[in-house]
Amino acid sequence: MKDKQTLIRVAFFTFLSLKSLAQTDTIPLQDISFSADSIVLAVWQIQTKEMSSSEDDATEFSIQLQREFLDLPDSKKLNTLLTQSASFDFTRALLYHYNLVFEFWQNGSVVTEVYVSTLTGNIDIVDVQTETAFENNCGSNLNSFLLELLHKHSLIDLVGDVGTDGLEP
């Protein structure tokens, strides 16, 4: 009897610990507005204390390097990918970093912002109006599209300081 209780407790706590280690986000993508009359892709160079090397003085800064409007086919494809759960791999890197920002504009206002790190593959999607957020990691089909966009708009060199390891298959 005691061995059975011990086994049940071990199984319960094992399940509980596995559940607590899951790094998926529970907010459904349906709660985020992706309606937009235009989408802007901005490439940023950002340094945080976490990204500083030992010889740096840990200066924090952010510089927008370039902005590009996406054409209609690319906007539609991005919108489609961001609404599909298959575009995410449901993991998350611990390092917080981003260098790509997609702004979804509707009637002259930003309605949604998407932050992507080419270094880690992390993606944060924020509905500006409701402050609903979705945090995850880009899956392979989304990664491929993001790399395609960077090449198409000649922006790939702008992310060279951190690379694109987080977007590689």
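What's counted below: heavy atoms across the whole structure, side chains too, no hydrogens, waters or symmetry copies. In this chain, residues are counted from 1 in sequence order.
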Self-check item: Lys152 atom NZ, neighbour heavy-atom count above 12 within 6.0 Å
Solution: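 It does: Lys152 NZ has more than 12 such atoms within range.
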
Nearest atoms (heavy-atom pairs only) where [X] meets [Y]:
X      : Y      : answer
Leu167 : Gly121 : CD2-CA, 4.4 Å
Leu146 : Val116 : CD1-CG1, 3.8 Å
Leu119 : Val162 : CD1-O, 3.5 Å
Gln106 : Ser35  : OE1-C, 3.4 Å
Asn79  : Phe34  : ND2-O, 2.8 Å
Thr120 : Ala93  : CB-CB, 3.6 Å

Atom pair [atom1]/[atom2] of [X] and [Y] - distance to nearest 0.5 Å:
X      : Y      : atom1 : atom2 : answer
Thr130 : Ile32  : OG1   : CD1   : 7.0 Å
Trp105 : Thr112 : CH2   : OG1   : 12.0 Å
Leu150 : Leu155 : CG    : CG    : 6.0 Å
Gln45  : Asp161 : CD    : CG    : 5.0 Å

Should [X] and [Y] be regarded as members of a common hydrophobic cluster, given that ILVMFWY residues are connected when their side-chain heavy atoms come within less than 4.5 Å of each other, either directly or indirectly?
X      : Y      : value
Phe69  : Phe145 : no
Leu41  : Val110 : no
Val128 : Trp44  : no
Ile63  : Val43  : yes
Leu81  : Val111 : yes

Close side-chain approach of [X] and [Y], heavy atoms under 4.5 Å:
X      : Y      : value
Phe104 : Ile125 : no
Asn122 : Tyr115 : no
Leu142 : Leu82  : yes
Phe90  : Ser85  : yes
His153 : Asp74  : yes
Val159 : Leu100 : yes
Arg92  : Asp124 : yes
Leu70  : Phe102 : yes

Would you say [X]'s side chain and [Y]'s backbone share a donor-acceptor pair under 3.5 angstrom?
X      : Y      : result
Thr118 : Gly163 : yes
Thr132 : Asp127 : no
Ser87  : Thr83  : no

Practice problem: Consider only side-chain N and O atoms of Glu148 and Ser144, and report whether a donor and an acceptor are under 3.5 Å apart. | Solution: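 Checked: Glu148/Ser144 side chains show no N/O donor-acceptor pair below 3.5 Å.
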
Exercise. For the residue pair His97 and Ser117, confirm or rule out a side-chain donor-acceptor distance under 3.5 Å.
Key: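 Yes, side-chain donor-acceptor contact under 3.5 Å.
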
Quiz item: Below 4.0 angstrom, N of the basic side chain to O of the carboxylate: do Asp71 and Lys77 qualify?
Solution: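 Salt bridge between Asp71 and Lys77, a charged N being under 4.0 Å from a carboxylate O: no.
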
Quiz prompt | Worked check of side-chain contact (heavy atoms from CB on, under 4.5 Å) between Asn99 and Ile46 | solution = CA-CA 7 Å; Asn99 56 341; Ile46 296 174; 5.7 Å; no

